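These numbers were taken from a predicted model, which means no experiment stands behind them. Whatever order the structure lists ligands and atoms in, that order sets their numbers, starting from 1. Below, all heavy atoms of this structure are taken into account, side chains as well, without hydrogens, waters or symmetry copies.
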Amino acid sequence: MIRDQETLNMLLDSVSRFVREQLVPAEAEVSDTDEIPPRLVAQMRELGLFGLAIPEEYGGLDLTMEEEVLFAFEIAKTSPAFRSLIGTNNGIGAQGLVIDGTDEQRRKYLPRMASGEIIGSFALTEPGAGSDAASLRTTAVRDGDHYVVNGTKRFITNAPEASIFTVMARTDPEKKGGSAISAFIVEKDTPGLSLGKIDKKMGQRGAHTCDVIFENCRVPAENLIGGREGIGFKTAMKVLDKGRLHISAISVGVAERMLDDALRYAMDRKQFGQPIADFQLIQAMLADSKAEIYAARCMVIDAARRRDAGENVSTQASCCKLFATEMCGRVADRAVQIHGGAGYVSDYAIERFYRDVRLFRIYEGTTQIQQLVIARNMIREAQG
Ligand code: COS
């Protein structure tokens with residue numbers, strides 16, 4: 001749903017200009033230094049990019065899902081690390097509060113997240129619990145008006161930058177499965193919370209992940225999201241439904257950028273006396289990529305509109321994540337192929353993008369988990 005086309009166009013125009021004029025020229029610097037320059041972070045704050053998906057009453061722009069995916073198509077036309085910095089405040093790092101938080105909890109944290117003053121992070125994955133998220137072992141044991149949290153979270157995006165964490169932990173250690181899991185907001189400076197060393201990743205330099213370790217970390221009971229135990233797994237799943245749509249839209253935007261780079265290279269590069277874009281085998285790769293990007297774009301917009309209309313889009317979000325991220329991987333591969341030897345060296349952005357986009361098929365639920373969610377939902381529906 002688009003609420004006001006004119007206002008949205010203004011936002012999309014300014015984001016597109018920001019990407020073209022500021023972010024694209026800084027891509028190599030971010031990759032070399034593994035850091036987003038503070039001047040660009042300040043500009044992101046000024047543009048309101050940290051609060052796009054946060055309700056207006058808490059200082060955000062409250063974009064609908066359709067508006068958000070249109071934004072994501074634009075911001076994704078540059079290194080994914082830029083998107084990652086604002087991604088958790090708009091997505092998994094804030095949506096637990098937006099969806100299931102109490103008014104008091106929202107008031108306390110969301111305005112500062114919307115302004116970009118603080119970064120939020122989402123701590124679900126553990127060394128022993130990745131795809132099988134419901135088997136997580138971090139515990140939160142009630143002790144007076146606190147919970148004592150113990151456990152380790154792994155690969156936590158933006159953890160080194162984060163001031164608050166949405167942490168899923170088991171409040172009933174005896175009970176297996178998701179119904180014993182609760183979600184908490186834990187502030188970075190809480191005694192007993194520490195961070196591991198920053199992970200050395202395959203790509204997305206400038207975006208950081210690390211372990212978050214809890215050792216007898218005492219969290220005020222008022223930080224239990226929604227004030228109820230046992231709903232944390234469902235909160236996480238709802239957050240991921242939205243996150244998966246967002247990542248799908250990002251996959252479309254990055255694929256468009258990679259295809260654009262490949263097309264320009266193919267028109268410029270001459271072999272056998274003519275631009276390689278004139279050769280049909282190159283054209284096949286360009287055309288297949290164009291068609292697949294178009295298909296993914298349509299899927300993402302359709303699913304976003306359905307979500308805005310109040311439909312449960314768990315199946316559609318997984319279909320989008322499955323198709324769009326795999327499509328993005330294929331486009332990356334073809335774009336490297338079109339660049340030939342030049343695609344394998346770091347003088348061209350495609351070498352970096354090829355590594356950067358590999359993550360999309362893994363995080364916020366692997367392709368295989370999306371297949372499982374889709375098929376399960378199909379069977380459930382058929383059973384009535
Ligand atoms: N929205 C709301 N509730 C949901 C839901 C959703 N999208 N998906 C599941 N639930 C509910 C179920 O309805 C069920 O509730 P009841 O116990 O009341 O019936 C409960 O949550 C448990 O669901 P389920 O039985 O499907 O859980 P499983 O452990 O079998 O599997 C999967 C769930 C595999 C889908 C889940 O663990 C998953 O998504 N794993 C991937 C995790 C992930 O994406 N990690 C990325 C790291 S975060 S960047």
Output the list of atoms in ligand 1 that are nearer than 4.0 Å to some heavy atom of [X], sorted by atom number.
X: T125; answer: 47 (C)
X: D241; answer: 1 (N), 6 (C), 7 (N)
X: K238; answer: 1 (N), 2 (C)
X: F233; answer: 21 (O), 22 (C), 23 (O), 27 (O), 37 (O)
X: A134; answer: 29 (O)
X: E364; answer: 44 (O), 46 (C), 49 (S)

Residue and atom name of the nearest protein heavy atom (relative to [atom]), distance in Å to one decimal:
atom: atom 26 (O) of ligand 1; result: R376 NH1, 2.6 Å
atom: atom 6 (C) of ligand 1; result: M237 CB, 3.5 Å
atom: atom 13 (O) of ligand 1; result: K234 CE, 4.6 Å
atom: atom 48 (S) of ligand 1; result: F122 CE2, 3.8 Å
atom: atom 45 (N) of ligand 1; result: G365 N, 4.0 Å

Using a 4.0 Å heavy-atom cut-off, which part of [X] comes near ligand 1: side chain, backbone, both, or neither?
X: S131; value: backbone
X: E126; value: neither
X: V373; value: side chain
X: T157; value: neither

Does some non-hydrogen atom of G178 fall short of 4.0 Å from ligand 1?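 Flag not set, G178 not near ligand 1.
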Ring centroids only, cut at 6.0 angstrom: are F155 and Y363 within range, meaning strictly under it?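 No, too far apart.
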May I ask you to check whether Y147 and F184 place their ring centres under 6.0 Å from each other?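 Yes, ring centres under 6.0 Å apart.
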Are a donor atom and an acceptor atom from the side chains of T367 and E326 found within less than 3.5 Å of each other? yes
State whether a side-chain donor-acceptor pair under 3.5 Å links S121 with N158. no
What I'd like to find out is whether the side chain of L49 reaches to under 4.5 Å of the side chain of F18, using heavy atoms alone.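 Contact flag for L49/F18 side chains = yes.
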Determine the interplanar angle of the H339 and Y265 rings, folded into 0 to 90°, and report it as parallel if under 30°, tilted if 30 to 60°, perpendicular if over 60°.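 Geometry flag for Y265 against H339: parallel rings.
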On a heavy-atom basis, I'd like to know which of Q368, R154, R244 is closest to atom 44 (O) of ligand 1.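 Among Q368, R154, R244, the closest heavy atom to atom 44 (O) of ligand 1 belongs to R244.
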Should we count CZ of R20 as having more than 12 external heavy atoms under 6.0 Å? yes
Do other residues, nucleotides or ligands put more than 12 heavy atoms under 6.0 Å from Q337 CD? no
Under 3.5 Å, side chain of [X] to main-chain N/O of [Y], donor-acceptor pair present?
X: S84; Y: P80; value: no
X: K201; Y: L359; value: no
X: Q43; Y: Q22; value: no

Is it true that R305 and E66 make a salt bridge, defined as a side-chain N closer than 4.0 Å to a carboxylate O?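 Yes, this pair counts.
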Ligand 1 and I369, any nitrogen or oxygen pair closer than 3.5 angstrom?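 Not met; the criterion fails.
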Hey, is atom 1 (N) of ligand 1 touched by any protein heavy atom at less than 4.0 Å?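 Answer yes: something from the protein, a heavy atom, is under 4.0 Å.
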Contact bool for atom 22 (C) of ligand 1 (protein heavy atom, d < 4.0 Å): yes
